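All values below come from the heavy atoms of this structure, side chains included, with hydrogens, waters and symmetry mates left out. Both ligands and their constituent atoms are indexed starting at 1 by order of listing. From a predicted model like this one, the values you see are computed outputs, not experimental measurements.
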Amino acid sequence: MKRPKILIIYTGGTIGMIKNENGVLLPFSLDNLLNDIPLLKMFPADIHSVGLDNLIDSSDADIGFWLLLNNIIADNYDIFDGFVILHGSDTMAYTASALSFLLENLSKPVILTGSQLPIGLLRTDGRENIIASIELACMQKNGKPLIQEVCLYFEDHLYRGNRTNKYSAENFDAFISPNYPLLANVGTEIKVFEENFLLSNNDLFVSHKNLCNEVAIIKLFPGIQSKTIKSITEISGLKGIVLETYGSGNAPTNNDIINCFKEAIAKGIIILNVTQCTVGKVQQGKYETSTKLREIGIVSGGDMTTEAALTKLMFLLGKNYTREECIKILTTPLRGEMSY
Ligand code: ASP
């Protein structure tokens, strides 16, 4: 079996942070981080690493940051067998989702991981997370990488990246994949669930270069006023909205509110409906309170997470698709981000 070549990309996040003189956590250097894991040198793999010039807390992630990561992977795609991205957990599910759309026809793993406690602390969860992620990235079958998609690894679990959501600010087990099963479970043994993997189509790898951030998220709440919605739908240049609705895709039937959405759609804005519930999917037309949404042209996001819905919208709006093409792709699984 060929000795795998793995590239670790360090972006910042708690995993590599140390406290400054005021006790505030800030990202520190990659060397510092890797020195804390001497075991890495014993891995049966060629491990290389690169740190971003500008290390960030992942709260500072933006489309420029995603495109930079995308380019690093694309530039090194032919050289390495797998990629492990060390990333802050706060927006890791967004980055994993964005990369899943930008990197098309992957035949190698891209695994995002991080930690809730810095690597320098005795009780850190970072060491196990990095080691298991590298081990997963090294797995092969018939001489090829076993995992061929963008994943997120945290506390024993490998998830499809664009199905995840950070649900805990405290637990080591900080992520969930509410609508899609695990890709692997790491205990005394690594159990991979190949039946849940994205099927590679053997087409040529493509790294897409555009994302559009003329988008917004509107989360409904009882008592929301049409003027609040209007203040968003009237933003100049806005192209897309992720609408977080109730239950199976329901919204107030109040005419003023419906008219705001109607006017936005008439201006060409795409509105994508996802549920505020953690588990389950949007079914426009199940209740009267969602029938109107369908009638005026709001698009159902099925069981996509907000993270996947937003980044899919950014990805599609960054292309020269017509409205119809965008809607068709939004309602069809592109990278396993939604169920049929
Ligand atoms: N604020 C940190 C970040 O997302 C939290 C973490 O890494 O877990 O960068």
Side-chain angles (χ1 to χ4, degrees), residues 8-37 40 49-70 72-73 83-100 110-134 136-137 150-159 161-178 186 211 213 217 278 305-308 310-311 314:
I8 299 179
I9 306 168
Y10 174 47
T11 69
T14 295
I15 194 160
M17 287 188 182
I18 55 166
K19 283 190 178 164
N20 71 7
E21 60 285 3
N22 301 321
V24 175
L25 283 166
L26 293 169
F28 202 55
S29 78
L30 173 71
D31 292 346
N32 182 68
L33 193 155
L34 297 180
N35 283 341
D36 268 310
I37 326 175
L40 281 186
S49 53
V50 56
L52 299 191
D53 290 341
N54 183 21
L55 298 174
I56 60 163
D57 181 300
S58 76
S59 305
D60 279 322
D62 58 15
I63 59 171
F65 169 75
W66 290 338
L67 293 170
L68 175 65
L69 285 180
N70 178 57
I72 295 175
I73 293 169
F83 301 86
V84 172
I85 303 178
L86 305 182
H87 191 291
S89 61
D90 288 348
T91 62
M92 195 185 287
Y94 287 91
T95 300
S97 300
L99 288 178
S100 77
V110 174
I111 303 180
L112 287 102
T113 194
S115 69
Q116 292 278 58
L117 284 179
I119 200 93
L121 298 190
L122 269 182
R123 253 181 353 94
T124 185
D125 49 327
R127 209 170 303 127
E128 321 310 323
N129 284 348
I130 296 186
I131 290 172
S133 296
I134 297 174
L136 286 158
V150 178
C151 310
L152 187 153
Y153 180 84
F154 231 80
E155 186 70 3
D156 301 343
H157 299 137
L158 184 74
Y159 307 98
N162 58 28
R163 291 291 198 148
T164 57
N165 163 255
K166 182 177 178 184
Y167 86 104
S168 174
E170 303 179 344
N171 294 353
F172 284 157
D173 200 359
F175 287 86
I176 46 170
S177 171
V186 176
L211 288 169
N213 61 356
I217 298 177
T278 306
T305 59
T306 297
E307 293 87 333
L310 184 81
T311 52
M314 287 173 149

Selection residues 166-176 - residue pairs positive for salt bridge (charged side-chain N to carboxylate O under 4.0 Å, His left out), sequence neighbours left out:
D90-K166
Is it true that a side-chain atom of N129 and a backbone atom of S115 form a donor plus acceptor pair closer than 3.5 Å?
no
Is there a donor-acceptor pair closer than 3.5 Å between any side-chain N or O of T305 and the backbone N or O of R163?
no
Quick one: table the atom pairs, ligand 1 N or O against protein N or O, below 3.5 Å, distance rounded to 0.1 Å.
{"residue": "ligand 1", "atom": "1 (N)", "partner": "D57", "partner atom": "OD1", "Å": "3.0"}
{"residue": "ligand 1", "atom": "1 (N)", "partner": "D57", "partner atom": "OD2", "Å": "2.8"}
{"residue": "ligand 1", "atom": "1 (N)", "partner": "D90", "partner atom": "OD2", "Å": "2.8"}
{"residue": "ligand 1", "atom": "4 (O)", "partner": "S58", "partner atom": "OG", "Å": "2.5"}
{"residue": "ligand 1", "atom": "4 (O)", "partner": "S89", "partner atom": "N", "Å": "3.4"}
{"residue": "ligand 1", "atom": "4 (O)", "partner": "D90", "partner atom": "N", "Å": "3.0"}
{"residue": "ligand 1", "atom": "4 (O)", "partner": "D90", "partner atom": "OD2", "Å": "3.4"}
{"residue": "ligand 1", "atom": "7 (O)", "partner": "T14", "partner atom": "N", "Å": "2.8"}
{"residue": "ligand 1", "atom": "7 (O)", "partner": "T14", "partner atom": "OG1", "Å": "2.9"}
{"residue": "ligand 1", "atom": "7 (O)", "partner": "S89", "partner atom": "N", "Å": "3.1"}
{"residue": "ligand 1", "atom": "8 (O)", "partner": "T14", "partner atom": "OG1", "Å": "3.3"}
{"residue": "ligand 1", "atom": "8 (O)", "partner": "S89", "partner atom": "N", "Å": "3.3"}
{"residue": "ligand 1", "atom": "8 (O)", "partner": "S89", "partner atom": "OG", "Å": "2.4"}
{"residue": "ligand 1", "atom": "8 (O)", "partner": "S115", "partner atom": "O", "Å": "3.1"}
{"residue": "ligand 1", "atom": "9 (O)", "partner": "D57", "partner atom": "OD1", "Å": "3.2"}
{"residue": "ligand 1", "atom": "9 (O)", "partner": "S58", "partner atom": "N", "Å": "2.7"}

Residue pair S58 / T91: nearest heavy atoms and the distance that separates them:
O-OG1, 2.7 Å
Taking atom CG of L152 and atom OG1 of T113, what is their separation to the nearest 0.5 Å?
7.0 Å
Indicate, with yes or no, if the rings of Y94 and H87 have centres closer together than 6.0 Å.
no
